There are 2 protein chains.
Amino acid sequence: MPVKDCKTEQLIKDTAKRIFITEGKMSATTQDIADAAGVNRTLLHYYFRSRDVLFNMVFKEALTKLRERLHEVLGSGLPFKMKVENLVNVFYEELIKSPYLETFIALHLNQHPDKYEEMFTGLPGGKERLKNFLKEIQSEMEKGSIAEMKPLNFFINLFALMAYPFVARPIYLKMFDLTDQGYNKILLERKKNIISMLFLK
Amino acid sequence: MPVKDCKTEQLIKDTAKRIFITEGKMSATTQDIADAAGVNRTLLHYYFRSRDVLFNMVFKEALTKLRERLHEVLGSGLPFKMKVENLVNVFYEELIKSPYLETFIALHLNQHPDKYEEMFTGLPGGKERLKNFLKEIQSEMEKGSIAEMKPLNFFINLFALMAYPFVARPIYLKMFDLTDQGYNKILLERKKNIISMLFLK
DNA sequence: CCTTTGTTTAACAATTTTGTCAAACATAAC
DNA sequence: GTTATGTTTGACAAAATTGTTAAACAAAGG
């Protein structure tokens with residue numbers, strides 16, 4: 001008897017991931033995905049039963065991975081500034097692979113408000129690490145290394161500065177006649193920029 | 001003979017606008033829109049011929065309005081900091097009505113790279129005002145009122161800090177157990193925060 | 001070679017979404 | 001009231017998308 005061969009299954013999943021969250025084509029059809037993977041569309045149903053199942057699997061896996069990586073950084077016990085620098089590095093690594101993941105999440109949470117409960121409560125201690133990070137932010141303000149504001153605003157600023165440029169790429173390419181390479185260079189330069197925006201030095 | 005009565009036409013367009021770019025439901029069907037507007041679906045075709053025409057009309061109108069308002073602020077001749085403050089006010093006003101407009105634009109530019117040429121070259125003098133704004137940013141850096149960086153990065157930071165929190169709202173609601181009202185309050189507080197992030201004072 | 005198990009395919013069915021049409025309807029002008 | 005013009009409706013057709021099935025195929029084990 002032949003051994004299970006999950007090459008094709010994995011190929012389909014990877015392709016779906018690429019189309020949905022790397023290229024941002026969230027309404028790609030099963031045919032689009034099958035074509036991109038170079039397989040018969042029926043295989044998609046054979047391995048995943050329905051488009052919906054595949055879609056949610058891709059969504060869930062990407063979100064879970066991102067959350068785990070951020071969770072780890074938050075719990076790393078490093079000094080605050082290094083922790084933030086790590087956060088930027090890790091988030092950047094994920095954003096390069098999945099620039100549309102956050103948009104994806106936001107739009108879906110918006111349209112299925114209650115559907116994705118477990119994904120946010122999934123990691124034990126997740127909320128605690130978040131709260132703890134907000135406390136660290138608070139105490140850094142008291143130390144004077146970052147500007148005074150609501151800790152949540154510091155948090156939002158951090159993620160805004162990281163995530164937005166990845167999503168808005170097509171706009172800036174058009175607006176300033178940039179090339180993809182030129183924009184990538186700017187994105188990388190921004191890493192330092194983000195830190196210096198957030199810290200008073 | 002009866003006079004043309006564009007009430008229904010306008011109702012459909014307004015409803016589509018709300019669903020597409022206020023609520024972010026970009027793949028709403030003609031039936032969804034007709035239901036939300038409380039009219040027969042056929043009317044949508046009667047007035048707009050196809051879903052695609054309606055979709056593009058909504059998209060184009062919202063983008064045109066936003067661009068015109070920003071264009072006006074950029075050309076206002078105000079001192080730099082006041083200009084940026086006005087930009088924040090104007091952009092906020094538009095974002096409150098159309099929080100998903102930028103996502104909408106980014107995703108569509110991404111998927112139809114060449115389709116929306118005129119929309120970006122539309123306003124005469126648009127590119128000039130942009131370039132001029134970048135020069136103003138440059139000269140502010142030399143004056144020392146803002147931190148040193150590539151002017152484009154200052155520009156991206158400004159829009160990141162403004163736009164991202166509107167799109168990411170559903171994420172933060174879940175993540176920090178906030179209410180809509182609570183989040184709105186934070187968004188408003190951010191206006192000042194954004195300015196103080198950008199300026200060295 | 002035959003069987004078993006898993007893979008792949010094409011043909012088909014079901015569903016969803018979009019688009020069309022002709023007839024009913026409303027109202028203002030005559 | 002009749003006519004003309006624009007509006008609204010339901011029934012229908014067309015297209016796109018998803019899902020199912022049975023049969024062909026491939027490879028490993030007996």
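Please read these numbers as outputs of a predicted model, since none were measured by experiment. Chain naming here is simple, since letters A, B, ... match the order of the sequence lines and numbering starts at 1 in each.
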Can you tell me if the side-chain N/O atoms of A:Tyr47 get under 4.0 Å from OP1 or OP2 in C:dT8? yes
Side-chain donor or acceptor of A:Thr29 under 3.5 Å from a matching atom on the base of D:dA16? no
What nucleotide, of D:dT8, D:dG19, C:dT7, holds the atom closest to the side chain of A:His45? D:dG19
D:dG6 C1' sits how many Å from B:Leu43 CG, rounded? 12 Å
Separation of atom CG in B:Leu44 from atom P in C:dG19, rounded to whole Å: 9 Å
For D:dT8, take OP1 and OP2 only and decide whether either is under 4.0 Å from a side-chain N or O of B:Thr8. yes
Distance under 6.0 Å and angle within 45° of the ring axis: does A:Lys81 meet both against A:Phe199? yes
For the residue pair A:Tyr92 and A:Phe166, categorise the inter-ring angle as parallel (less than 30°), tilted (30 to 60°) or perpendicular (more than 60°). perpendicular
Spacing of B:Ile12 atom CD1 relative to D:dT8 atom C1', expressed in whole Å: 11 Å
With the side chain counted from C-beta on, respond yes when A:Arg190 and B:Met149 share a heavy-atom pair under 4.5 Å apart, and no when they do not. no
For C:dT7 and A:Tyr46 - does any side-chain N or O of the residue sit under 4.0 Å from the phosphate oxygens OP1/OP2? yes
For D:dG10, does the base pair up with any side-chain atom of B:Arg41 as donor and acceptor (N or O, under 3.5 Å, distance only)? no
Closest to the B:Asn40 side chain: C:dG6, D:dT9, D:dT18? D:dT9
Round to the nearest Å and state the distance from A:Asp32 atom CG to D:dT18 atom C1'. 13 Å
Could you tell me if the side chain of B:Met197 sits less than 4.5 Å from the side chain of B:Asn157, heavy atoms only? no
For the residue pair B:His108 and B:Phe59, categorise the inter-ring angle as parallel (less than 30°), tilted (30 to 60°) or perpendicular (more than 60°). tilted
Could you state the atom-to-atom distance from CD of A:Glu9 to C1' of C:dT8 in whole Å? 14 Å
Nearest-Å distance for atom pair CD/P, residues A:Gln31 and D:dA15: 18 Å
Atom NZ of B:Lys7 and atom C1' of C:dT27 are separated, to the nearest Å, by 12 Å
For a quick check, tell me whether the side chain of A:Thr42 and the base of D:dG19 share a donor-acceptor pair closer than 3.5 Å. no
Interatomic distance, A:Phe48 CZ vs C:dT7 C1' [rounded to whole Å]: 14 Å
